[in-house]
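Letters go in sequence order (proteins before strands), and every chain restarts at 1.
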There are 2 protein chains.
Amino acid sequence: MPVYLNQDDALAIWRDALSASVRSDGPDLSSRQMAILMTVYTQPPPHTVRGLSDSLNISKPAISRALDRLGQLGFVRRRRDDYDRRSVQVQRTVKGAVFLSEFADLVSDAGRELESPTPFEAGTPAEQLLSDEEF
Amino acid sequence: MPVYLNQDDALAIWRDALSASVRSDGPDLSSRQMAILMTVYTQPPPHTVRGLSDSLNISKPAISRALDRLGQLGFVRRRRDDYDRRSVQVQRTVKGAVFLSEFADLVSDAGRELESPTPFEAGTPAEQLLSDEEF
DNA sequence: TCAGGTCGTTTCGGAAGCGAAACCGACTTT
DNA sequence: AAAGTCGGTTTCGCTTCCGAAACGACCTGA
């Protein structure tokens, strides 16, 4: 079921989770690598290079390299497709599942720790983001 | 007030927003750059290089370079502190506020479009993430 | 005033990412 | 079976990012 987030909450959650992730000493994946990883783990298989390339609008070589990196981290595995041996299927691993699970916890925590911080202010969202900028 | 997200929802929101962001043709910021930008815009000023470095656990040169990049995108501005002229204050801009505002919309949209997709499965979250892995 | 600390930037060498294009093995078409 | 197509990887030249260390400007305390 839907979750309704206003801009402030959306940004606060993203900031907190992202900051925690950046601050941590875990491997820092690029946005693309993270998007690929999450797609592989939360969308129905099979996942191919071509499919990921199309669905994320990323060039094939970039996908291939990202899989190298994710593979060497142990977050993903390649397996040749036996029915079409040109094709490669990207498979999940325990290590990748654990990593994503912990990341999901960061996001959940960020949401749970939201205090209602919005002390009523007027203006459009973008204006609020700028409320204390000096020009 | 808190927002309670289970792991599936947290991952789905993050994946959708991140994928949309990756797919788009906007500038792709690194995680660190994004974390810096969000900190500057959602935390009370002033923001200094040192402060960002400490709070995000990122080296000072990396902060400095990230500010170069964010500055050349017009998302942030540097201003010398008049009381301590060694120090630099990182300031917000309209362009940065618009960028973040649009990004927040991506996140909100991802939350709003959550269908309850969890067709009841047993096991720990990490096990669910692996439910269709073959070993 | 000046020695030492602080703040931010720059330099340095190196690691990692990128798209375009070439490439290779594997299907498919004729 | 030859030609063409398709999926994925590799190569190429380039850009971007990294931390450590050096640096210049500035502040502070004796």
Side-chain angles (χ1 to χ4, degrees), chain A residues 18-19 21-40 43 45-91, chain B residues 18-19 21-40 45-92:
Chain A
L18 186 61
S19 297
S21 166
V22 162
R23 217 182 343 254
S24 83
D25 51 354
D28 55 310
L29 305 180
S30 72
S31 301
R32 288 167 163 216
Q33 290 165 350
M34 194 64 171
I36 291 169
L37 189 64
M38 300 188 102
T39 299
V40 168
Q43 304 283 30
H47 298 284
T48 65
V49 172
R50 181 93 210 156
L52 291 167
S53 172
D54 289 344
S55 95
L56 291 173
N57 202 23
I58 295 175
S59 73
K60 276 194 307 171
I63 298 282
S64 195
R65 283 183 300 248
L67 292 180
D68 289 344
R69 169 96 175 114
L70 294 174
Q72 100 190 26
L73 287 170
F75 289 172
V76 114
R77 232 173 341 155
R78 281 185 247 231
R79 169 191 277 201
R80 214 85 227 176
D81 181 340
D82 281 330
Y83 292 95
D84 182 346
R85 303 186 39 74
R86 292 170 300 180
S87 200
V88 162
Q89 293 183 0
V90 182
Q91 302 197 313
Chain B
L18 186 60
S19 296
S21 166
V22 161
R23 218 183 339 255
S24 84
D25 51 353
D28 54 309
L29 305 180
S30 72
S31 302
R32 288 167 162 215
Q33 290 164 350
M34 195 64 172
I36 292 169
L37 189 64
M38 300 188 103
T39 299
V40 168
H47 298 285
T48 65
V49 172
R50 180 93 211 161
L52 292 166
S53 171
D54 290 344
S55 95
L56 291 173
N57 201 23
I58 295 174
S59 74
K60 276 194 307 171
I63 298 283
S64 196
R65 283 183 301 248
L67 292 179
D68 289 344
R69 171 95 174 113
L70 293 174
Q72 100 190 27
L73 287 170
F75 289 172
V76 113
R77 233 172 339 156
R78 282 186 247 229
R79 170 189 277 200
R80 213 86 226 175
D81 181 339
D82 282 329
Y83 292 95
D84 183 346
R85 301 186 41 74
R86 294 169 300 179
S87 200
V88 161
Q89 293 184 359
V90 183
Q91 303 197 312
R92 306 166 186 176

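- When heavy atoms are screened at a 4.0 angstrom cut-off, A:T48 is found touching the sugar-phosphate backbone but no base atom.
- Contacts between chain A and DNA chain C, taken as any atom within less than 4.0 angstrom of a protein heavy atom, begin and end at C:dG17 to C:dC27.
- One atom, CZ of A:R32, and another, C1' of D:dT16, lie 13 Å apart when rounded to the nearest Å.
- For the atom pair A:N57 CG and B:D25 CG, the distance stands at 9.0 Å (nearest 0.5 Å).
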Nucleotides 25-30 of chain D: protein proximity per nucleotide (B base, S sugar-phosphate only, - neither; heavy atom, under 4.0 Å): BBS---
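- For B:D82, the salt bridge (Lys or Arg N to Asp or Glu O under 4.0 Å) partners two or more places apart in sequence, or in a different chain, are B:R85.
- Closest non-hydrogen pair, B:L18 versus A:A35, comes out as CD2-N, 3.6 Å.
- Side-chain N or O atoms of B:R79 include none that pairs as donor or acceptor with a backbone N or O of B:V90 at under 3.5 Å.
- Taking atom CG of B:D28 as the reference point, atom P of D:dC17 lies 9 Å away to the nearest angstrom.
- Evaluation of atom-type donor-acceptor distances gives a pair under 3.5 Å for the side chain of B:R65 against the base of D:dG19.
- For residues 58-69 of chain A, the set of pairs meeting the side chain to side chain donor-acceptor pair (under 3.5 Å) definition, not counting sequence neighbours, comprises A:D68-A:R78.
- Nearest approach of A:I58 to A:S53, heavy atoms of both residues: O-OG, 2.6 Å.
- Rounded to an integer number of Å, the gap from A:D25 CG to D:dC18 P is 17 Å.
- Across all their heavy atoms, A:S24 and A:S21 have their closest contact at OG-O, 2.8 Å.
- Minimum heavy-atom separation, B:L56 to A:V22: O-CG1, 3.8 Å.
- The structure places CZ of A:R23 at 11.0 Å from CG of B:D54, a figure rounded to the nearest 0.5 Å.
- The stretch residues 54-64 of chain A touches DNA chain C through A:S59, A:P61, A:A62, each having a heavy atom under 4.0 angstrom from the strand.
- Residue B:D68 contributes atom CG, which lies 12 Å from atom P of D:dT16 at whole-angstrom precision.
- Atom CG of A:L67 and atom P of D:dT10 are 12 Å apart (whole Å).
- Of all heavy-atom pairs between B:L52 and B:H47, the closest is CD2-ND1, 4.4 Å.
- B:D81 pairs by the salt bridge (Lys or Arg N to Asp or Glu O under 4.0 Å) definition with nothing, not counting sequence neighbours.
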